[in-house]
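Step one of this worksheet: look at the structure below.
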Amino acid sequence: LEHAVKKALAEAQARDAQRARTRPKEPRGPDRARVESRPQGSAERAEIVGAFLDFPGLLFDPELEWALDLLTEAAALTIRAIRQSLKTTTEGEKTLDTSAFLAQMPPAIQSFAVRRLAAPQLETAQAAKDAVLSNAAKLKRMLLEKESKELGQRGGAWSEDDSVALQALSDLARQERGIKGGTNES
């Protein structure tokens, strides 16, 4: 495991160094500066994936299933690769076959995964679970707010799906403030 992580880390560092050597060295003044934006929610998705990399057994926690539904593209691919690379020890513990996992990852995701595998950020499964839940709640809120904003821009042409999304945003706001009365109350 340690050897596989070190090898993948060395390969990722070599790729990064190669990219740095091949980039043009033009000086950039304020008029030529670029800010590269990341898609909304990418930080939260990365934290969720990172928590599952730190504790892959959490993928089987029923309380976290809804968080997985919020993942898209690279994050969803990474979760799929984690699932496909899990093996069960004789004690019944789920562990990650890092070699099989890293072999499935494209270079951009692989460098993130290698860094996280080499230096996990969460010390306990409970801390990882809490990180998944808090980042998933943030992500859900972002997605609902975006959808709500898009509804407002359409100028009143509300469908049944729009009403459901708006109700979900309202319920989430109530839940965050500890107010009862939403449709999702048990």
Side-chain angles (χ1 to χ4, degrees), residues 1 4-16 19 34-88 93-151 161 164-165 168-169 171-173 175-176 184:
L1 170 66
V5 170
K6 285 181 181 179
K7 180 181 175 190
L9 185 57
E11 289 171 358
Q13 289 172 337
R15 276 193 305 274
D16 291 345
R19 281 190 212 120
R34 282 191 246 156
V35 176
E36 293 185 28
S37 65
R38 292 173 42 186
Q40 185 179 24
S42 61
E44 289 75 15
R45 285 183 184 93
E47 288 300 317
I48 291 169
V49 170
F52 285 119
L53 280 170
D54 290 354
F55 291 90
L58 288 177
L59 284 170
F60 302 99
D61 186 327
E63 289 181 61
L64 302 179
E65 285 180 17
W66 69 274
L68 296 173
D69 293 337
L70 300 173
L71 301 180
T72 58
E73 301 168 4
L77 290 173
T78 305
I79 293 299
R80 187 183 79 200
I82 293 171
R83 279 195 170 142
Q84 291 174 345
S85 304
L86 284 176
K87 56 185 177 182
T88 306
E93 183 181 341
K94 302 281 186 191
T95 60
L96 185 63
D97 179 346
T98 55
S99 297
F101 167 70
L102 292 171
Q104 297 178 57
M105 295 290 90
I109 300 169
Q110 193 178 69
S111 62
F112 164 78
V114 166
R115 284 191 307 271
R116 190 68 183 234
L117 290 169
Q121 295 179 5
L122 302 166
E123 294 183 17
T124 65
Q126 186 59 50
K129 184 174 182 174
D130 292 345
V132 170
L133 291 171
S134 69
N135 281 290
K138 289 178 198 174
L139 187 56
K140 182 176 182 180
R141 182 163 200 54
M142 275 186 242
L143 294 172
L144 290 172
E145 286 174 351
K146 179 181 176 187
E147 200 168 316
S148 177
K149 183 178 177 181
E150 289 170 359
L151 291 175
D161 287 343
V164 170
L169 183 59
D171 290 349
L172 182 62
Q175 180 183 2
E176 288 177 349
N184 290 339

Next on the checklist: Applying side-chain contact (heavy atoms from CB on, under 4.5 Å) to Ile48 and Leu64, what does each step give before you reach the verdict?
Outcome noted: CA-CA 10 Å; Ile48 291 169; Leu64 302 179; over 6 Å; no
Checklist entry - Does the side chain of Val49 reach to within under 4.5 Å of the side chain of Ile109, using non-hydrogen atoms? => result no
Next on the checklist: Any non-hydrogen side-chain atom of Arg80 less than 4.5 Å from a side-chain atom of Gln104?
Outcome noted: no
Next on the checklist: Any side-chain to backbone donor/acceptor pair from Asp54 onto Leu122? Under 3.5 Å, distance only.
Outcome noted: yes
Checklist outcome for this item: Heavy-atom nearest pair, Leu143 first then Arg45, reads CD2-NH2, 4.2 Å
Next on the checklist: Between Glu44 (side chain only) and Asn135 (backbone N and O only), is there a donor and an acceptor less than 3.5 Å apart?
Outcome noted: no
Next on the checklist: Rounded at 0.5 Å granularity, tell me how far CG in Leu53 sits from OG1 in Thr98.
Outcome noted: 11.0 Å
Item to check | Smallest separation among heavy atoms of Ala46 and Phe112, with atom names | outcome: O-CZ, 3.5 Å
Checklist entry - Do Leu71 and Leu68 touch side chain to side chain, with heavy atoms closer than 4.5 Å? => result yes
Next on the checklist: Before you tell me yes or no, could you show the steps for Val132 and Phe55 under side-chain contact (heavy atoms from CB on, under 4.5 Å), namely the whole-Å CA-CA distance, both residues' side-chain angles and the distance that decides it to 0.1 Å?
Outcome noted: CA-CA 11 Å; Val132 170; Phe55 291 90; over 6 Å; no
Item to check | Phe101/Thr78 under side-chain contact (heavy atoms from CB on, under 4.5 Å): CA gap, chis, key distance, verdict | outcome: CA-CA 9 Å; Phe101 167 70; Thr78 305; 3.9 Å; yes
Item to check | Short side-chain to backbone donor-acceptor contact, Ser85 and Ile82, under 3.5 Å | outcome: no
Checklist entry - For Ala136 and Trp66, which heavy atoms make the closest approach, and how far apart are they? => result CB-CH2, 3.4 Å
Item to check | Gln84, CD atom: more than 12 neighbouring heavy atoms under 6.0 Å | outcome: yes
